[in-house]
Amino acid sequence: MDLYDEFLKSALKHEGSRSALNENIKQLGIPDLYVYDSRYTKLWLVAEIATRKKGYFLSAELRSQTNLSDKSVERFIKFLTQKGFFKSSFGEDKRVKIYFPSKVYTKHIMATWPVRVLQIESMLDLGDSKLKKIKQYLKTSKNYS
C-alpha cells in the first residue's frame, strides 16, 4: 500500500474517533453541532486549556479563537452554563464574566478520553518514521498520485 494511502486511512480513523462520544452526547444532551463542527471543537479545547491553566475562561478568549460570530460563541457559552458545565461569576471588573468548570464539565471531559485514545492510536498506527516520510512527501510532492 502506498504511504499516502496509509496516511489517508489513518486520517479517516482519526476523524471517525468522535463516534465514540455518541452515547455520552445523548446522556449529556449536547447538540451534534457542538461536537462534530471543528470550530466548536476548538472552543471546547480553548475553554479546557484556559481552565486547566488558570481555573476559568473568558468569553473573549473563545471569541478570538474562531471565525464563528460573537453571537454563536455567546450562544455556545450560554448552552454550557445552562447545562451546568460552567458556572459564571464576575471578575474584579464587574463588566467581565468569568466561567468556572463544574463537576458536570469534568464528567464530560473525561467522557472524551476514549476519543483521545482513538486519535492517538490512529497516529501511533503509522509510527514516527512513516509520519515523517508522509510529512516530507506532502511538503515536496509536485504531483498527486
Side-chain angles (χ1 to χ4, degrees), residues 1-89 91 96-145:
M1 175 185 300
D2 180 72
L3 191 57
Y4 183 66
D5 291 330
E6 229 179 303
F7 167 73
L8 290 175
K9 286 187 177 189
S10 176
L12 186 60
K13 182 178 177 182
H14 189 273
E15 287 304 312
S17 63
R18 290 188 194 157
S19 65
L21 285 177
N22 287 345
E23 191 56 40
N24 293 317
I25 291 167
K26 290 176 188 167
Q27 289 176 354
L28 293 171
I30 302 170
D32 286 351
L33 177 68
Y34 292 161
V35 176
Y36 297 109
D37 184 319
S38 63
R39 298 170 301 173
Y40 287 102
T41 299
K42 186 172 184 178
L43 295 182
W44 284 105
L45 292 170
V46 169
E48 183 177 4
I49 290 167
T51 57
R52 290 182 58 79
K53 183 177 181 179
K54 58 188 180 185
Y56 62 91
F57 76 87
L58 306 173
S59 64
E61 293 169 318
L62 272 60
R63 288 193 313 267
S64 71
Q65 294 294 317
T66 184
N67 63 354
L68 289 165
S69 70
D70 289 353
K71 187 175 181 178
S72 292
V73 174
E74 293 302 327
R75 196 175 316 125
F76 175 72
I77 293 170
K78 182 178 179 181
F79 167 80
L80 295 176
T81 54
Q82 286 177 337
K83 280 294 186 181
F85 292 161
F86 287 93
K87 298 174 192 263
S88 64
S89 180
V96 178
K97 273 190 178 178
I98 52 180
Y99 299 91
F100 297 93
S102 69
K103 290 180 182 180
V104 173
Y105 175 72
T106 302
K107 179 181 174 184
H108 167 71
I109 291 300
M110 292 180 72
T112 67
W113 288 358
V115 172
R116 304 288 180 240
V117 168
L118 291 171
Q119 289 172 332
I120 291 166
E121 285 175 353
S122 73
M123 290 182 264
L124 290 174
D125 285 350
L126 287 174
D128 190 50
S129 174
K130 284 184 181 179
L131 284 172
K132 286 179 181 177
K133 287 177 185 175
I134 292 166
K135 178 182 169 186
Q136 186 62 29
Y137 169 78
L138 294 173
K139 284 180 151 186
T140 61
S141 181
K142 303 285 187 223
N143 297 315
Y144 179 80
S145 56

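- Minimum interatomic distance between V104 and K83 (heavy atoms only, all atoms of both residues): CG1-O, 4.0 Å.
- In this structure, M123 and L131 approach most closely via the heavy-atom pair O-CD1, 3.8 Å.
- How far OG of S59 is from CG of L80: 11.5 Å, rounded to the nearest 0.5 Å.
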I would like to know whether H108 and I30 meet side-chain contact (heavy atoms from CB on, under 4.5 Å); could you show each step before the answer?
CA-CA 10 Å; H108 167 71; I30 302 170; 3.5 Å; yes
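- Within the 3.5 Å criterion, the main-chain N or O of F85 finds a donor-acceptor partner in the side chain of S102.
- In this structure, W44 and F76 have perpendicular ring planes: the angle between them is above 60°, well past the 30° mark.
- Rounding to the nearest 0.5 angstrom, the gap separating the OG atom in S88 from the NZ atom in K78 is 12.0 Å.
- Side chain of S89 to backbone of I98: no donor-acceptor contact under 3.5 angstrom is found.
- Between D128 and K132 there is a salt bridge, since at least one side-chain N of the basic residue sits less than 4.0 Å from a carboxylate O of the acidic one.
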Please test F86 against Y105 for ring pair (Phe, Tyr, Trp, His ring centres under 6.0 Å), starting from the C-alpha separation and ending with a verdict.
CA-CA 7 Å; F86 287 93; Y105 175 72; 4.4 Å; yes
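- Considering Y4, Y144, F7 in turn, Y4 is the only one that fulfils the ring-ring contact (aromatic ring centres under 6.0 Å, His included) rule with Y137.
- Closest non-hydrogen pair, P101 versus G55, comes out as CD-O, 3.4 Å.
- A donor-acceptor contact shorter than 3.5 Å links the side chain of T51 to the backbone of A47.
- Considering only heavy atoms from C-beta on, D5 stays 4.5 Å or farther from K9 through its side chain.
- Partners of S69 by side chain to side chain contact (heavy atoms under 4.5 Å, CB included), not counting sequence neighbours, listed by chain and number: K71, S72.
- Residues satisfying the side chain to side chain contact (heavy atoms under 4.5 Å, CB included) test with V73, not counting sequence neighbours, are L43, L62, R63, T66, L68, I77.
- Annotation: the span from L126 atom CG to K13 atom NZ amounts to 9.5 Å, rounded to 0.5 Å.
- A salt bridge links K54 to E61: at least one charged side-chain nitrogen sits closer than 4.0 Å to a carboxylate oxygen.
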Salt bridge (charged side-chain N to carboxylate O under 4.0 Å, His left out) between E74 and K97: does it pass, once the steps are laid out?
CA-CA 12 Å; E74 293 302 327; K97 273 190 178 178; over 6 Å; no
Using the rule given for side-chain contact (heavy atoms from CB on, under 4.5 Å), can you reason through E6 versus D2, listing the C-alpha separation, both sets of side-chain angles and the distance that settles it, and then say yes or no?
CA-CA 6 Å; E6 229 179 303; D2 180 72; over 6 Å; no
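- Looking at every heavy atom in both residues, S10 comes nearest to S122 through OG-O, 2.6 Å.
- Using the six-membered ring where Trp is involved, Y99 and F57 have ring planes that are parallel, under 30° apart on the 30 and 60° scheme.
- No more than 12 heavy atoms of other residues, nucleotides or ligands lie within 6.0 Å of NZ in K133, so this atom counts as exposed by the packing criterion.
- For the atom pair Q65 CD and K42 NZ, the distance stands at 5.0 Å (nearest 0.5 Å).
- V115 and S17 get closest at one heavy-atom pair: CG2-O, 3.5 Å.
- Between the CD1 atom of I120 and the CG atom of D125 there is a distance of 12.0 Å, given to the nearest 0.5 Å.
- T81 is not listed as a side-chain neighbour of K87, based on a closest heavy-atom distance of 4.5 Å or more.
- To the nearest 0.5 Å, atoms CD (Q119) and CG (L124) are separated by 12.0 Å.
- Within 6.0 Å of CZ in R116 there are more than 12 heavy atoms belonging to other residues, nucleotides or ligands.
- Aromatic pair Y34/F79: centroids less than 6.0 angstrom apart.
- Between T41 and V35 there is no side-chain heavy-atom pair separated by less than 4.5 Å.
- By the salt bridge (Lys or Arg N to Asp or Glu O under 4.0 Å) test, R39 is found to be paired with D37, residues two or more places apart in sequence or in another chain being considered.
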